[in-house]
Novice: 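Quick one: this structure, given as structure tokens, is what I'll be asking you about.
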Amino acid sequence: MSVRPSPDPRPPAPPDGSADRDPVLREMRWWDLGPVLELERELFPEDAWSPGMFWSELAHARGPGASRRYLVAERDGRLVGYGGLAAVDGTGDIQTIATARDQWGSGLGSRVLTELLGAATDFECHEVLLEVRVDNLRAQRLYERFGFEPVGFRRGYYQPGNVDALVMRRTTQTSSEAPPVQGT
């Protein structure tokens with residue numbers, strides 16, 4: 001897993017000042033919650049997670065009994081994405097993935113998803129589930145490229161907009177069975 005903990009909430013700027021550098025993925029920490037919540041409200045204004053939801057998830061992300069993996073993506077000191085996975089009894093659940101609009105199409109969503117699927121492997125998950133808004137076709141295409149398949153719907157899952165969720169599932173495969181992953 002290439003997610004690395006960082007004790008410093010603000011990594012130093014690149015010495016060359018390059019803005020073309022790929023975002024760095026690292027473990028989400030409590031000091032990231034302010035920027036995470038800002039991005040969350042910007043991207044999901046109707047159904048953004050509350051601070052308490054993120055705090056609760058982070059409480060299960062460290063220590064010997066950890067069952068969560070949350071990460072952030074930073075570029076030049078700016079938070080540009082995040083994602084999280086919960087793992088219980090061999091099943092992983094992608095809790096959230098978000099990338100800043102100016103990162104859409106850059107491959108960052110694929111990188112975050114790849115890291116979360118690696119975490120599912122670390123947690124010995126035999127399947128990974130997720131919910132995605134039925135109107136978010138861009139995200140659905142990403143998940144399909146990674147081998148997720150639709151398995152059902154959750155009516156009115158996203159509130160208060162009463163938008164349905166498409167439930168998708170990816171089973172763990174051996175390396176000889178797995179189709180090649182085509183990220184962007």
Side-chain angles (χ1 to χ4, degrees), residues 1-44 48-49 51 53-63 66-87 92-125 128-132 136 138-148 168 170 172 178 180-184:
M1 176 85 27
S2 64
V3 176
R4 58 182 171 79
S6 174
D8 181 1
R10 296 185 143 186
D16 62 356
S18 170
D20 296 329
R21 178 164 282 162
D22 281 340
V24 173
L25 300 180
R26 64 168 176 79
E27 178 183 11
M28 183 186 291
R29 299 299 303 271
W30 65 267
W31 53 76
D32 295 311
L33 290 184
V36 164
L37 288 164
E38 285 179 33
L39 188 55
E40 177 81 4
R41 286 187 294 269
E42 176 188 329
L43 296 172
F44 311 111
W49 280 23
M53 292 171 76
F54 277 105
W55 276 106
S56 178
E57 289 297 296
L58 287 182
H60 298 283
R62 296 190 63 118
S67 61
R68 307 289 194 272
R69 183 81 42 88
Y70 277 78
L71 56 98
V72 294
E74 285 184 322
R75 183 177 190 180
D76 298 326
R78 177 180 156 240
L79 189 131
V80 294
Y82 56 89
L85 171 106
D93 193 341
I94 303 288
Q95 299 289 304
T96 186
I97 292 182
T99 61
R101 284 188 175 92
D102 65 350
Q103 299 296 304
W104 290 1
S106 71
L108 180 57
S110 293
R111 287 184 58 209
V112 171
L113 183 55
T114 296
E115 291 293 332
L116 295 177
L117 292 174
T121 299
D122 293 346
F123 284 122
E124 300 179 356
C125 296
V128 179
L129 301 169
L130 59 81
E131 292 89 12
V132 58
N136 191 344
R138 184 178 51 82
Q140 290 174 37
R141 285 190 298 269
L142 169 67
Y143 302 138
E144 288 169 355
R145 284 196 316 268
F146 278 78
F148 283 87
M168 301 183 82
R170 178 183 192 257
T172 303
V181 173
Q182 297 177 2
T184 55

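What's counted below: heavy atoms across the whole structure, side chains too, no hydrogens, waters or symmetry copies.
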Novice: Please name all residues satisfying side chain to side chain donor-acceptor pair (under 3.5 Å) with Glu57, sequence neighbours left out, ordered by chain then number.
Specialist: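 Glu57 satisfies side chain to side chain donor-acceptor pair (under 3.5 Å) with Arg68, Tyr70 once adjacent residues are dropped.
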Novice: Just wondering, do Val128 and Met168 contact through their side chains at under 4.5 Å, heavy atoms?
Specialist: no
Novice: Testing the basics here: between Ala100 and Trp104, what is the closest heavy-atom pair and its distance to 0.1 Å?
Specialist: O-CD1, 3.3 Å
Novice: In terms of relative ring orientation, are Trp55 and Trp30 parallel, tilted or perpendicular, with 30° and 60° separating the classes?
Specialist: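 Because their plane-to-plane angle is under 30°, the rings of Trp55 and Trp30 count as parallel.
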Novice: Any heavy-atom pair between the side chains of Leu43 and Thr99 that's under 4.5 Å?
Specialist: no
Novice: Going from CG on Leu37 to CD on Glu42, what distance comes out if it is rounded to the nearest 0.5 angstrom?
Specialist: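 Nearest 0.5 Å value for the CG-CD distance: 13.0 Å.
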Novice: Within the 4.5 Å heavy-atom criterion, are Val72 and Arg26 side-chain neighbours or not?
Specialist: yes
Novice: Can you measure from CG (Asp22) to CD (Glu74) and round to the nearest 0.5 angstrom?
Specialist: 14.0 Å
Novice: Calculate, to the nearest 0.5 Å, the distance between atoms CZ and CG belonging to Phe123 and Leu85 respectively.
Specialist: 6.5 Å
Novice: Do Glu38 and Leu79 touch side chain to side chain, with heavy atoms closer than 4.5 Å?
Specialist: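 When only atoms from C-beta onward are counted, Leu79 and Glu38 do not touch, as no gap falls below 4.5 Å.
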Novice: So which atom in Arg69 and which in Leu116 form the shortest heavy-atom distance, rounded to 0.1 Å?
Specialist: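 Residues Arg69 and Leu116, closest heavy atoms: O-CD2, 3.8 Å.
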Novice: Tyr82 and side chain to side chain contact (heavy atoms under 4.5 Å, CB included): which partner among Leu71, Val36, Leu33?
Specialist: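 Going through Leu71, Val36, Leu33 one by one, the side chain to side chain contact (heavy atoms under 4.5 Å, CB included) with Tyr82 is satisfied by Val36 alone.
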Novice: Can you list the residues that meet the side-chain contact (heavy atoms from CB on, under 4.5 Å) rule with Ala73, with sequence neighbours excluded?
Specialist: Pro23, Leu25, Val80, Leu108
Novice: Is the closest basic N to carboxylate O distance between Glu27 and Arg62 below 4.0 Å?
Specialist: yes
Novice: When you measure from the side chain of Arg170 to the backbone of Phe146, do you find a donor-acceptor pair of N or O atoms at a distance under 3.5 Å?
Specialist: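 Yes, the answer is positive, given that a donor and an acceptor are paired below the 3.5 Å cut-off.
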Novice: Do Tyr143 and Val132 have side-chain heavy atoms sitting under 4.5 Å apart?
Specialist: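 Yes, side chains in contact.
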Novice: Report the C-alpha separation of Phe148 and Gln140 in whole Å, then their side-chain angles, then the decisive distance to 0.1 Å, and conclude whether the side chain to side chain contact (heavy atoms under 4.5 Å, CB included) test is met.
Specialist: CA-CA 9 Å; Phe148 283 87; Gln140 290 174 37; over 6 Å; no
Novice: I'd like to check Ser110 versus Arg145 (side-chain heavy atoms, cut-off strictly below 4.5 Å). Are they in contact?
Specialist: yes
Novice: Heavy atoms only: give me the nearest Phe44-Ala98 pair and the separation to one decimal.
Specialist: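 Nearest heavy atoms, Phe44 then Ala98: CE1-CB, 3.9 Å.
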Novice: Determine whether a donor-acceptor pair (N or O, by modelled atom type, separation under 3.5 Å) exists between the side chain of Glu40 and the backbone of Ala48.
Specialist: no
